[in-house]
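Inspection log for the structure reproduced underneath, given as structure tokens.
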Amino acid sequence: ASIRKETENFELTTPEQLEVFRLRFLVRKGLIAGLFRQLKDVAKEDRPAAGERLNELKSFAEQRYEDALKQLQSSGSSSKSQAIDLTLPGRTRFPGSEHPVQKVLGDMKTIFSAMGFTIETGPELERGLYNFDKLNFPPNHPARDMQDTFFIKRAEGEQDDVLLRTHTSPVQTRVMLDEEPPIRVICPGKVYRNEAISARSYCVFHQLEGLYIDKGVTFADLKATIYSFARQMFSEDVQLRFRPSFFPFTEPSAEVDVTCYLCNGKGCKVCKQSGWLEILGCGMVHPNVLRNCGIDPEQWSGFAFGMGVDRTALLRYKIQDIRLLFENDVRMLDQFV
Ligand code: PHE
């Protein structure tokens, strides 16, 4: 009975276990054959019953062995594949992931493309002429200090500066100089500012500029466009705040805040306890800018906006510090796979 139990409970999954089983029970010198040899010592009247039990044990053991062998062969782990050690840990593949800023930029492009905007890009190393002058920043005007500029070349006697663009608005300049209205473009890209680094500001960040010039474009069109964008980007019941503001290249101008989703409007370090986070500047394109770029302000009007992509990513993914977006720490990037 104990041998019967043993044949029942014997683990038969690996080729090695099968071999041990065979040698222990099934071969001529094995346990079962041994029992058969002992039959002769059993009392005559008990012998047929004992013999029957032994035969039953033998065929049970053979059957288990055969079944296990078939199982092994069909699952492919026959002796040939013993070279593969299935207990070794697998090789991890690191597929990489899209950076949160690129994800948000991608969504922005999708939303504005659906509204009919096409995408334009421009150089990060820009002429002062396009970054400032054409955009109605008067020479030596304090407005230039609004955006602390990284100047690359400011040669004595030369008219034009070379600088790292401080906003994506010079791409508008380039588009207006190149194209006839109607114009409907977005211009995504990196911009640079020489300002104090903090949880909400970094020396490099991303903007997405929008420009729409056509006949009879009004501030209402601008507002509707921004609202439609924000509903798709954040949520259907998003709250926006348009605050009057000043930019040399737009009149009237506004800055737009969105509820700080990091603290749900309660106040945190990213929104400086205000409950709002500024995400874009906008306004009606100044007639001087249209004229500077060869467009007749009597015939055409338009709006422009420039939004912070990184700020939007912070809100979207509830990230507390803009610097995390630029440090490329894999522990942070891994979370966006
Ligand atoms: N260029 C402005 C900035 O960087 C944003 C802006 C763009 C404002 C277009 C009005 C119109 O702050």
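One-based numbering, in listed order, for ligands and for the atoms of each.
- Taking the six-membered ring where the residue is Trp, the centroids of Phe21 and Phe10 are separated by under 6.0 Å.
- Residue-level proximity to ligand 1 for Cys282 is carried by the backbone, the only part with a heavy atom below 4.0 angstrom.
- The residue from Cys187, Ser245, Gly281 that puts a heavy atom closest to atom 8 (C) of ligand 1 is Gly281.
- With a 6.0 Å cutoff to the six-membered ring centre and a 45° limit on the axis angle, Lys223 counts as a cation-pi contact of Phe242.
- Side-chain polar atoms of Ser59 and Gln63 form no donor-acceptor pair below 3.5 angstrom.
- Checked by distance only, ligand 1 and Thr250 stay at 3.5 Å or farther apart across all their nitrogen or oxygen atoms.
- Ligand 1 places these atoms under 4.0 Å from at least one heavy atom of Gln207: 3 (C), 4 (O).
- Every atom of ligand 1 is numbered from 1 in the order shown, and the set under 4.0 Å from a heavy atom of Ala304 is 9 (C), 11 (C).
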Checking Gln71 against Asp67 for the side-chain hydrogen bond (donor to acceptor under 3.5 Å, both in side chains) test, could you report, in this order, the C-alpha distance in whole Å, the side-chain angles of both residues, the deciding distance, and whether it holds?
CA-CA 6 Å; Gln71 181 80 34; Asp67 289 348; over 6 Å; no
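- Between His167 and Phe247, the distance separating the two ring centers is not shorter than 6.0 angstrom.
- Using a 30° and 60° split on the angle between ring planes, His206 and Phe326 fall in the parallel class, below 30°.
- Of all the atoms in ligand 1, the ones that sit under 4.0 Å from a non-hydrogen atom of Phe249 are 1 (N), 2 (C), 6 (C), 7 (C), 8 (C), 9 (C), 10 (C), 11 (C).
- Between Arg193 and ligand 1, at least one pair of N/O atoms sits closer than 3.5 Å.
- You'll find the ring centres of Phe305 and Phe112 inside the 6.0 Å limit.
- The ligand atoms of ligand 1 that sit less than 4.0 angstrom from a heavy atom of Ser169 are 1 (N), 7 (C).
- For the pair His167 and ligand 1, the shortest N or O to N or O distance falls below 3.5 Å.
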